[in-house]
Amino acid sequence: MAATGKNVNNGILPRAYGIVSSETIDNCHWFLVKLKSSLGPRVLSFISDRHEGLIQGIRDVFPTFHHGFCYQHLKNNVCGKTNKKKGEHGAAMDFFKQCFYSSTHEGFHQGMQKLKDMGCDGLHKFLSDLPLECWSNAHCLGCRYGDMCSNIAESFNSWIREAKGMPIETLVNWIRLNIMDQMSKRKLKGAMYKGFICPSLEKKVMASIRVGVQWRITKSGDMDWEVFDGKHVHAVNIANFHCRCRVWFTEQFPCDHAIPCMHSSKINVYEYINPFFSISSFRASYDRPIKPITDYDKPIDVATGNLVKPPTVLWKKPGRPKRKQIPNTGSASFKRSITCGNCHTQAHHNKTTCPHPPAKKQSLW
């Protein structure tokens, strides 16, 4: 649920990001309190949806930590703030993505101004009322390490979907066995890696070097460069792990401007990469496997000698138990298919709004 990182700007406290799902909101505060006791002295950045239980819980339990909103959940929230009939929905979503992902204040303000100019007053007001540090990458006070969505939590929910209907003991054991198998496969995968960083990041470094060949790179001092990428001029300082684009700060990984500067001066790029992106950290994550549990280790009531039984249910809710995750307000729109009285098809329109011309009645005479 959480991946660790390190703030290389000061090198004092390790950082981490947590990705939280809102499926058990009733126990959210209790969960966060238990999480705080196991984290230790680390500065965190949480990524979650905008559920009120999570917002209040993180603010109360982790007042000094950073909280970022998930892009996918927020995108579903703002989809209803534009007029799809006028054809402005696609452009508005592109400008919203620019505001969300832009790492500079200039790019953020340009996207917000475009939303205002095209007449999306509802969307502009909705985004303006949200705290900028929680959704704008340019105003983010913490480090997201390149993660803008809580996809890992949603992937876990999808992963255990087939086991959600099982009894709690069977469900926990199912999760344990699958995680045990996954960690074993990841350990074998990490053993085959060669070099300093993982292959996907190695490709990213090589791509930055290739694209940097086309740019104008001018050295200013021992650790300072000026980079012109065809659009903007960026100031890069290797000693402070800083670039004007702020991507190095938000992702904690050297940006496309810094890597060509180090490559042009024959500086080892890997010395300025966060060690938590290294292969050794990947291997350490899966170095301690989950041990098998035999039937002899099941919990036993010492007094009676019987196996621990589930608690007695005093009352049961009417209807069939729900198995699907309940989305937060605005995270998804549900449209019930109806049968049109004109074209007699299953669609999202009725006889009055049917796009097809009404069928002419045939005379019997």
Whether Asp287 side chain and Arg283 backbone form a donor-acceptor pair below 3.5 Å: no
Spacing of His109 atom NE2 and Lys114 atom NZ [to the nearest 0.5 Å]: 14.0 Å
Sidechain N-carboxylate O distance under 4.0 Å for Lys204, Glu251: yes
Under-4.0 Å salt bridge between Lys185 and Asp181: yes
SB check Lys219 Glu226 (cutoff 4.0 Å): no
Ring geometry between Phe62 and Phe65 (parallel below 30°, tilted from 30 to 60°, perpendicular above 60°): parallel
Nearest non-hydrogen partners of Ile47 and Cys149, listed with the distance: CG2-C, 4.1 Å
His67 versus Ser45, side-chain donor and acceptor atoms under 3.5 Å: no
Minimum heavy-atom distance between Gly111 and Cys99, given as atom pair plus value: C-SG, 3.3 Å
Interatomic spacing from CE in Met180 to CD1 in Ile175 - rounded to 0.5 Å: 13.0 Å
Audit row: Phe249, His242, side chain to side chain contact (heavy atoms under 4.5 Å, CB included) steps and yes/no: CA-CA 7 Å; Phe249 169 75; His242 172 76; over 6 Å; no
Donor-acceptor contact below 3.5 Å, side chain Arg246 vs main chain Thr104: no
Arg144 and Asn137: CA distance, side-chain angles, deciding distance, side chain to side chain donor-acceptor pair (under 3.5 Å) verdict: CA-CA 9 Å; Arg144 287 178 176 253; Asn137 197 27; 4.6 Å; no
Residues Glu106, Arg244; criterion salt bridge (charged side-chain N to carboxylate O under 4.0 Å, His left out); working and verdict: CA-CA 11 Å; Glu106 293 82 359; Arg244 182 63 178 80; 3.0 Å; yes
Check: Arg216 side chain, Val227 main-chain N or O, donor-acceptor pair, under 3.5 Å: no
Reported CD1-to-CE distance for the pair Ile160 and Met166, which is rounded to 0.5 angstrom: 10.5 Å
Side-chain (Asn268) to main-chain (Tyr270) donor-acceptor, under 3.5 angstrom: yes
Nearest-0.5 Å distance that lies between atom CE in Met148 and atom NZ in Lys97: 10.5 Å
Side chain Ser264, main chain Cys261, donor-acceptor under 3.5 Å: yes
Spacing of Cys70 atom SG and Phe100 atom CZ [to the nearest 0.5 Å]: 7.0 Å
Test item: side-chain donor near acceptor, Gln113 and Asp117, under 3.5 Å: yes
Thr250 (side chain) donor-acceptor with Val247 (main chain) under 3.5 angstrom: yes
Partner of Trp135 under ring-ring contact (aromatic ring centres under 6.0 Å, His included), chosen from Phe108, Phe69, Tyr71: Phe108
Side-chain donor or acceptor of Ser278 paired with backbone N/O of Ile197 under 3.5 Å: no
Nearest heavy-atom neighbours spanning Gly107 and Gln98: O-NE2, 3.2 Å
is_close_aromatic(Trp248, His257), centroid dist under 6.0 Å: no
Donor-acceptor contact below 3.5 Å, side chain Asn274 vs main chain Phe277: no
Joint cluster assignment, Val269 & Ile267, ILVMFWY side-chain distance < 4.5 Å: yes
Single-linkage hydrophobic cluster Trp159~Leu171, side-chain heavy atoms < 4.5 angstrom: yes
Spacing of NE2 belonging to His263 relative to CD1 belonging to Ile209, to within rounding of 0.5 Å: 5.0 Å
Under 3.5 Å donor-acceptor, Ser158 side chain and Ser155 backbone: no
